[in-house]
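Data block below; observations after.
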Amino acid sequence: MTQQGEAPAEKPRRRFTKGHIIALAVLAVLSAVWYILLGSTRVLFVSTILFCFWGFSKKTKRNTILLLLVTLLVLWLGFYTAPVVQKSRTLWKYPIQRAYISLYGYDEPDYFAGFEEDVKGEFEFDYMPSILQGIGHYSVFFETDEDTVRRYDERFSKQAKFSFTLNEYKNELIYDGRIPELDRNKKGNFSRISLYIGGSSDDGRLSATAQIYVLETNLDFNHPHTSAVIIDKENNTIFLTRLG
C-alpha cells in the first residue's frame, strides 16, 4: 500500500515485448531464407544490428531521427558492396544468385546463356568480384552427355581465338610456337594467357586432355581479362569460365 499523497510506483518496463518477439521471429526467417538461397549472412548481421538499435532505444522524436540515419548507414554498409564470394552446387539456386550478383554490375557472360538445360549431373557455380588488386572470376562447371559435349565443341571451336589442351596450358607448352603473340614476349614473360580453372583439374573433374577454347583475352598477366570454355570429352564435363 502507498501512503496518502504518494504517487504509485511505475511498473518496470519489460525488456522484451511482444513486438520484440515477433520482430525477432520475422528477422530469423528472413535471415534463414537469405542464407539458404545465397549462402550469405548479411541479413543476419544487418538485422541484428538494427534490432538492437530500434529495440532497446527510447522512442523520442530526436532519437527516432537519429535511428533513421543509423538505419540508412547500416543498410548502406551492409548491402552497398558486392558479395565477396558466391559458390553453389545447386542448379535451381543459380538464377537467383545470378540476379543478385547482377545488381552489383557483375552480369553473367553472354556465352553462358542457356547452359542450365544442358546440365545432366554434377554442377558448380563459383564467383568472386574484382576487389582492388584482386582479380575476380565467374565460372560454371557441369557434367553433361556426349551429344552436348559434341555440340559445345563444334560451336566454340569456331569462335576460339586460341586453342590448346589443359596439359599444354599447365606446362606452358603453348609458348612453343603455338601462339606467336606469347612467344614474341617469352623472355620478358609480359604477355601470357591467364585463366581461372579453380580446382577442377586438381580433383580429376577435368582431364589433362580437356580442350581449352579462349574466346577473348588481353594477354595481360597483371590485369587479365580472359573468356574461355574448357571441354572435356573424356569425362563429358564442361567448364565455362571468365577471369577479370
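Considering every non-hydrogen atom in both S102 and D107, the closest pair reads CB-OD1, 3.3 Å. The nearest pair of heavy atoms linking L195 to A228 is CD2-CB, 3.6 Å. The two residues S194 and P224 come nearest to each other via the heavy atoms CB-CB, 3.7 Å. Contact detail for G39 and Q86: the closest heavy-atom pair is N-NE2, 4.4 Å. Heavy-atom minimum distance, Y106 versus S130: OH-O, 3.6 Å.
Under the 4.5 Å side-chain heavy-atom criterion for grouping Ile, Leu, Val, Met, Phe, Trp and Tyr, V70 is not connected to I65 through any hydrophobic cluster. Linking Ile, Leu, Val, Met, Phe, Trp and Tyr whenever their side-chain heavy atoms come within less than 4.5 Å puts F112 and I101 in one cluster. In terms of hydrophobic clustering, with Ile, Leu, Val, Met, Phe, Trp and Tyr side chains grouped at heavy-atom distances under 4.5 Å, L173 and I197 are assigned to different clusters. Note on L77: it clusters hydrophobically with Y80, by side-chain heavy-atom contacts below 4.5 Å among ILVMFWY residues. By the rule that hydrophobic residues join a cluster once side-chain heavy atoms approach within less than 4.5 Å of another member, I49 and L30 end up as members of one cluster.
Expressed to the nearest 0.5 Å, how far CD1 of I238 lies from NZ of K233 amounts to 11.0 Å. Note that the OG atom of S47 and the CZ atom of R42 stand 13.5 Å from one another [nearest 0.5 Å]. Between the CG atom of L67 and the CG atom of L50 there is a distance of 9.5 Å, given to the nearest 0.5 Å. Note that the CD atom of E108 and the CD atom of Q97 stand 12.0 Å from one another [nearest 0.5 Å]. Rounding to the nearest 0.5 Å gives a distance of 11.0 Å between OG1 of T209 and CD of E168. Here the CD1 atom belonging to I231 is positioned 13.0 Å from the CG atom belonging to L166, to the nearest 0.5 angstrom.
Side-chain contact check for T226 and E216: no donor-acceptor pair (N or O, by modelled atom type) lies under 3.5 Å. Between the side chains of N171 and N167, at least one donor N or O sits under 3.5 Å from an acceptor N or O.
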Would you please test T144 and V119 for side-chain contact (heavy atoms from CB on, under 4.5 Å) and show each step? CA-CA 5 Å; T144 188; V119 179; over 6 Å; no
After noting the C-alpha distance and the side-chain angles of E124 and K87, does the key distance pass the salt bridge (Lys or Arg N to Asp or Glu O under 4.0 Å) rule? CA-CA 7 Å; E124 183 177 282; K87 282 192 175 185; 5.5 Å; no
Before giving the answer on side-chain contact (heavy atoms from CB on, under 4.5 Å), spell out for F141 and E122 the whole-Å C-alpha distance, their side-chain angles and the decisive distance to 0.1 Å. CA-CA 8 Å; F141 169 89; E122 184 182 353; 4.1 Å; yes
Would you please test D147 and R150 for salt bridge (Lys or Arg N to Asp or Glu O under 4.0 Å) and show each step? CA-CA 5 Å; D147 291 337; R150 191 179 304 110; 2.9 Å; yes
Before giving the answer on side chain to side chain donor-acceptor pair (under 3.5 Å), spell out for D220 and H225 the whole-Å C-alpha distance, their side-chain angles and the decisive distance to 0.1 Å. CA-CA 7 Å; D220 192 312; H225 294 281; over 6 Å; no
Could you go step by step and tell me if D232 and N235 meet the side-chain contact (heavy atoms from CB on, under 4.5 Å) rule? CA-CA 6 Å; D232 187 359; N235 293 323; 2.9 Å; yes
F79 and V43: CA distance, side-chain angles, deciding distance, side-chain contact (heavy atoms from CB on, under 4.5 Å) verdict: CA-CA 9 Å; F79 295 102; V43 168; 4.1 Å; yes
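Taking the six-membered ring for Trp and the full ring otherwise, the centers of W92 and F123 sit at least 6.0 Å from each other. In summary, the aromatic rings of Y138 and Y196 are positioned with their centroids too far apart to meet the 6.0 Å limit. Aromatic rings from Y111 and F115 are positioned such that their centres are separated by 6.0 Å or more.
In this pair, F125 and Y127 present their aromatic rings parallel. The plane angle is below 30°, not in the 30 to 60° band. Aromatic ring orientation, Y169 versus F164: parallel (interplanar angle below 30°, classes split at 30° and 60°).
No side-chain donor-acceptor contact under 3.5 Å links S227 to the backbone of R242. When atom types are taken as modelled, the side chain of K93 and the backbone of I36 share a donor-acceptor pair closer than 3.5 angstrom. For the pair S157 (side chain) and E154 (backbone), a donor-acceptor distance under 3.5 Å is present.
Between H137 and T241 the shortest side-chain heavy-atom distance does not fall below 4.5 Å. Contact annotation: the side chain of L206 approaches that of F239 to within less than 4.5 Å [non-hydrogen atoms, C-beta and beyond]. Side-chain contact check for R98 versus Y100: every heavy-atom pair is 4.5 Å or farther apart. Contact annotation: the side chain of Y213 never approaches that of I230 to less than 4.5 Å [non-hydrogen atoms, C-beta and beyond]. Looking only at side-chain heavy atoms (C-beta outward), T165 and I212 stay at 4.5 Å or farther from each other. Side-chain atoms of Y104 and P83, non-hydrogen and from C-beta on, do get closer than 4.5 Å to each other. Looking at heavy atoms from C-beta onward, P109 lies out of side-chain contact with L240 at the 4.5 angstrom threshold. Counting only heavy atoms from C-beta outward, the side chains of I193 and V214 approach each other to under 4.5 Å.
When the shell of 6.0 Å around CZ of F45 is examined, it contains 12 or fewer heavy atoms from other residues, nucleotides or ligands.
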